[in-house]
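Below is one structure; the comments refer to it alone.
By convention in this document, chain letters (A, B, ...) are assigned in the order of the sequence lines, proteins followed by strands, and residues within each chain are numbered from 1.
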Amino acid sequence: MDSWQTLVATALVGTGRQTPQPVGEGALKALLDQLDWSQPEGALLGAAGAISLHQRIGQHPPQKNWLTVEPCSLEDVPVVKPAIARHLDTAMNAHPHVLPELLSLIAQAGQRIPERQLPRLLQVGQQTASLRLHVAAVVGQRGQWLAAQQTDWSYARVGGAYECSLDSPQLQDIWANGRRSERILLLQRWRETDPKAASEALDAVWSTASAKDREAFIRLLEINLTMADEPFLEAALSDRAKSVRQAAINLSARLPQSHLCQRMAERIQSFIQLTDDGSGLQIDVMLPETYESEWERDGIRATAPADQSPRGWWLQEMLAATPLDIWGDPVAAVQAIGGHSWQEILMSGWGLAAHRQQRIDWVDALWDVLASQPCDDVLIEKLLTCLVPKQRALRLQEQLNRRLSKDDKIRWLRIVPRISQQWDLGFSQQLLVQLVMAIKKMDRNSYALAYTYATGRLQLTLHPDLAPDIASALEDISNAANSQRYWEDSLLQLLKTLNFRQEIHRVFPG
Amino acid sequence: MVAEMWTSEQVLALSPDARSTKNGKALANVAKWPLLGRSEQVVWGECQGSGKTPYRTQIELSEPAFRCSCPSRKFPCKHALGLFWLLVEQPNTVPENVPPDWVTDWLEKRSQATQRQQTKAAKAADPKARAKRAQQRETKIEAGLADLEQWLQDIVRQGLAALPNQSYRFWDQAAARLVDAQAPGLARRVRSLASIPHSGQGWPERMLRALGLLHLLVQGYRRIETLPPAMQAEVRSQIGWPQTQEDLQLRAEQGDPLVSCEKDIWQVMGRVIFEEDTLKGQRVWLRGHESLRWALVLNFAYGKQPLDVSLVPGTGFVGELIFYPGTGVPRAFVATREDVVRPLAHPIVGETLEGAITCYAQALGHNPWLGPYPLMLDQVHPLWQEDRWWLQDTVGYALPLSSRFQHPLELLAISGGHPLQLFGEWNGEVLMPLGILTKTQFLALEG
């Protein structure tokens, strides 16, 4: 309004310098004329009051007519109870590592989180890639709709495994046009439910995919890997990108019938000979003299680690990719190399092969020897992953209950937290007993181990009902002679997490 | 049973801050309460804290009123919140029982305290003393207003351009003089002028508007006899003339036409907490279910005192409100009420954006000094456009949301592309959402 602007201009410089004039039109002017303009200050203030009021009363909301988004379908899985919603808040605030467990329970119950908590959880998933599939499984139709409105949350459009079919146009659109993180989640879900279709989809886009895409996608073939994937992997051994080639090597080495493994079997004939002269199996080993360049394509690394000789290393690499069946009976083979000068290399090589080829018979044969010797703990873990959960727990229990030296006991106590398995209550209790005994005997503060127990996987793999036992263990330790402060803190942390997990499991039926 | 009227959401609304919410939720666990019990009106428990003796917590469910023996200054404390949640979400864990001594003692003390307050108020009502005080007040205000008028004219004569160079004392001293002149309402307005010269682009317009409004108020008081009675009352209250609840109660009983008393099912639609120097305040918006009348309940607390929490957004009660005399947004206080807390009664009627703004304009016409105004909007969608959030109704009109609103994405999630019924405060420029009504529940948004 011109009248208003004129008034403001005059007010800025002041009535001392400029005389205000009566302004306005129509009824407003008639009103303003009634002011005493011979008193400029009063008149200006009065006009200001009147005009600004006039403007405010006449104000009208703007008519924007913006297009609104397509509304979300109202059909959706049921929302969780308020108690669970509260636990979700607690988890996001104080126990973020428990989120995967909680979200899996919600997904299994076929429920979704309340609308109000969607933005926060979607944000958490955006920041932590490992949570994304879990988040996507519990947001429901409403969450998928919301995710479509914000590019940062597009990963959630992949939805839960229990929802739309993989043929749906929505998912096809994500595969064709989505961002890498979405497509990875989608392909992962695909491989879990229909591996053949997933491979076909991958094949179709392979030649035009970027190196980063190829690297991420090929790794997903690990899910439901079969010989049907072999031709693809063999071709990928010649991929332009090193990371893709490496992934192809790792996957091919798991398939004993693959071309890669067959080639490896041929190679190894030159260096290892098995002979059975009636009095038992005999193994002759000749280390390779030089490194052949054609070995690189099949994954034999040229540079050995610092503490190993290169020739032994090359042999070990070959062993790790050779089909185990060519060595015959595992028990006999392991017996035959007892005391052999190259026993260590052979055991490591066979161990790695057993892990890749998932051969329980070889694991059993190797176990006793490897478990009783100081050896690479990583290898022990790999062997353990081949076993079924019950067997795993049994083997570890055996070791823990043996009369071991303090260092050996600690070795096993260090291994258990690295295994991803939900321990049952019995095992958890036994572990705790052994741990407490070890803590009482420790003569110096073992900070690193305490830290692992407090913050590592064990928080999530121990049985939640262990909580009361931990509480008593804490009392036990704090009354002991040597104060182990790190361990007290560590067990306290463990206790808090287990208490929370106990509460969570209580609200879910069954 | 009274306990069934409360929901988790309402307990959440009582929490003073995020920390208390978090700690309260952690305490909503039977394992933490060695003793629990409830009766018709009250729930109690003993909670093991870090000390030797457990803390005793009790809640009287009708208001609600809390008491806990823990040393926390928060109100309600985390124990009270935890106990409340336990009662609401896992009622089976709180058995019915005879209240122990420490609960019955407290209930008795409370009823005694209300009686004492009532006798005290009766004493202050001596008519002669009051008339004398009123006369003294009038004189002081006259003097203060003359001062203020001169001060305003000086500003305008020198020009607004000089204002950014003025120190805070310039404004503070003028405000202090008004406080001495017993016109605290004017003092507050003058103090709020101080930040305008530094508020960025367009400040001269905002300053001139504020000065003009202040001038209108001063002139209004000068001509107060020429104004209609309701407007007279409004001007007085804007200046800062005090009104006690006992006073108004008396006037209502005597049939004063300016002071109305309304009985209705009053629904609590939203709550905004604000701060002013050392004072904490809250605006609670009520709406009569039958009369569709709005009422604003203002509460204050000094320093660390807690604010009144008896009016919980998303609930209703049957009671009588007494309205302050005035125009525009009616201020009221709760004179009497039933103890029972009810869930919101439906249907709850709202308006289109255009309709709501028209009501606002009308209210502004009756009261130029109108503060925040309640809007109950039907069928609105939240949208992000032009770098900010808006609400658009089904006819295409849009209102901007306040940039201080913390939960626009939650609003979007709850709407899901469907129209919402929403309650908020409008200040003439932006809307602050305070509550969402869906078919099944009321969701309070922190204001």
## Note on the structure
Rounded to the nearest 0.5 Å, the OG1 atom of A/Thr15 sits from the CD1 atom of B/Ile155 at a distance of 11.5 Å
### Query
Looking at B/Leu383, B/Leu411, B/Leu399, B/Leu12, which one has more heavy-atom pairs under 4.5 Å with chain A than the rest?
B/Leu383
### Query
Heavy-atom count around B/Arg388 CZ within 6.0 Å, excluding the residue itself: above 12?
yes
### Query
What part of A/Trp145 is in contact with chain B, defined as an atom under 4.5 angstrom from a non-hydrogen atom: side chain, backbone, both or neither?
side chain
### Summary
Taking every heavy atom of B/Gln158 against every heavy atom of A/Arg17, the minimum-distance pair comes out as O-NH1, 3.5 Å
### Query
Can you tell me how far OG1 of A/Thr68 sits from NE2 of B/His381, rounded to the nearest 0.5 angstrom?
5.0 Å
### Interface moiety of B/Ala28 toward chain A, non-hydrogen atoms closer than 4.5 Å
both
### Message
Could you measure the distance from the CZ atom of A/Arg86 to the CD atom of B/Glu89? Nearest 0.5 Å is fine.
### Response
4.0 Å
#### Entry: B/Leu409 vs A/Gln150 side-chain heavy atoms within contact, under 4.5 Å
yes
### Query
For B/Asp393, is it the side chain, the backbone, both, or neither that has a heavy atom closer than 4.5 Å to a heavy atom of chain A?
neither
### Query
Which distance, rounded to the nearest 0.5 Å, do you find between the CD of A/Glu115 and the CG of B/Leu412?
11.5 Å
### Message
Heavy-atom cut-off 4.5 Å, strictly under: side chain, backbone, both or neither for B/Leu370 against chain A?
### Response
backbone
### Query
Around B/His407, counting heavy atoms of other residues, nucleotides and ligands shown, do more than 12 lie under 6.0 Å from its NE2?
yes
### Message
Quick one, B/Glu354 and A/His60 - any side-chain contact, counting heavy atoms below 4.5 Å?
### Response
yes
#### Entry: B/Trp384 CH2 to A/Gln149 CD distance, which is reported to the nearest 0.5 Å
14.0 Å
### Task
Tell me, out of A/Leu146, A/Leu7, A/Leu12, who's got the most heavy-atom pairs with chain B below 4.5 Å.
A/Leu12
### Task
Kindly give the heavy-atom pair with the smallest separation between A/Pro71 and B/Gly417, and that separation in Å.
CB-O, 3.4 Å
### Query
chain B: which of A/Gly16, A/Pro61, A/Gly49, A/Ser52 shares the most heavy-atom pairs with it under 4.5 Å?
A/Pro61
### Message
Report which part of B/Leu364 has an atom under 4.5 Å of a heavy atom belonging to chain A: side chain, backbone, both, or neither.
### Response
both
### Task
For the pair A/Arg142 (side chain) and B/Ala413 (backbone), establish whether a donor and an acceptor sit closer than 3.5 Å, ignoring hydrogens and angles.
yes
### Query
So which part of A/Glu503 gets closer than 4.5 Å to some heavy atom of chain B, the side chain, the backbone, both or neither?
side chain
### Task
Among B/Glu149, B/Lys25, B/Gln385, B/Gln90, single out the residue with the greatest number of heavy-atom pairs under 4.5 Å to chain A.
B/Gln385
## Note on the structure
Among A/Leu118, A/Val69, A/Leu53, the residue with the most heavy-atom pairs under 4.5 Å to chain B is A/Leu53
### Query
Taking only residues two or more places apart in sequence, or in another chain, which ones meet A/His87 in a ring-ring contact (aromatic ring centres under 6.0 Å, His included)?
A/Phe500
### Message
How close do A/Ala94 and B/Lys22 get, counting heavy atoms only, and between which atoms?
### Response
CB-CE, 4.4 Å
### Task
Check whether any side-chain N or O of B/Glu205 sits under 3.5 Å from a backbone N or O of A/Val8 as a donor-acceptor pair, and report yes or no.
no
### Task
Quick one: pull up OG1 in A/Thr90 and CG in B/Asn23 and give me the separation to the nearest 0.5 Å.
10.5 Å
### Summary
Whatever's closer than 4.5 Å to a heavy atom in chain A on B/Glu386 counts as side chain
### Summary
The complete set of salt bridge (charged side-chain N to carboxylate O under 4.0 Å, His left out) pairs with one or both residues in residues 27-45 of chain A, sequence neighbours excluded, reads A/Lys29-A/Asp33, A/Glu41-B/Arg157
### Task
Among the options B/Leu208, B/Leu163, B/Ile414, pick out the one with the most heavy-atom pairs lying under 4.5 Å from chain A.
B/Leu208
### Query
Is chain A contacted by the side chain of B/Leu211, its backbone, both, or neither, given a heavy-atom distance below 4.5 Å?
both
### Heavy-atom check, side chain of B/Gln219 versus side chain of A/Leu45, under 4.5 Å
no
## Note on the structure
Of A/Gly143, A/Pro62, A/Ala47, the largest count of non-hydrogen pairs under 4.5 angstrom with chain B goes to A/Pro62
### Query
Between the side chain of A/Gln59 and the main-chain N/O of B/Ala361, is any donor-acceptor distance below 3.5 Å?
no
### Task
Heavy atoms only, distances under 4.5 angstrom: which of B/Pro368, B/Pro419, B/Pro400, B/Ala31 has the most pairs with chain A? Name it, please.
B/Pro368
### Query
Which bit of A/Asn499 comes within less than 4.5 Å of chain B, counting heavy atoms only: side chain, backbone, both or neither?
neither
### Query
Are B/Gln392 and A/Lys64 side-chain neighbours, meaning at least one heavy-atom pair lies under 4.5 Å?
yes
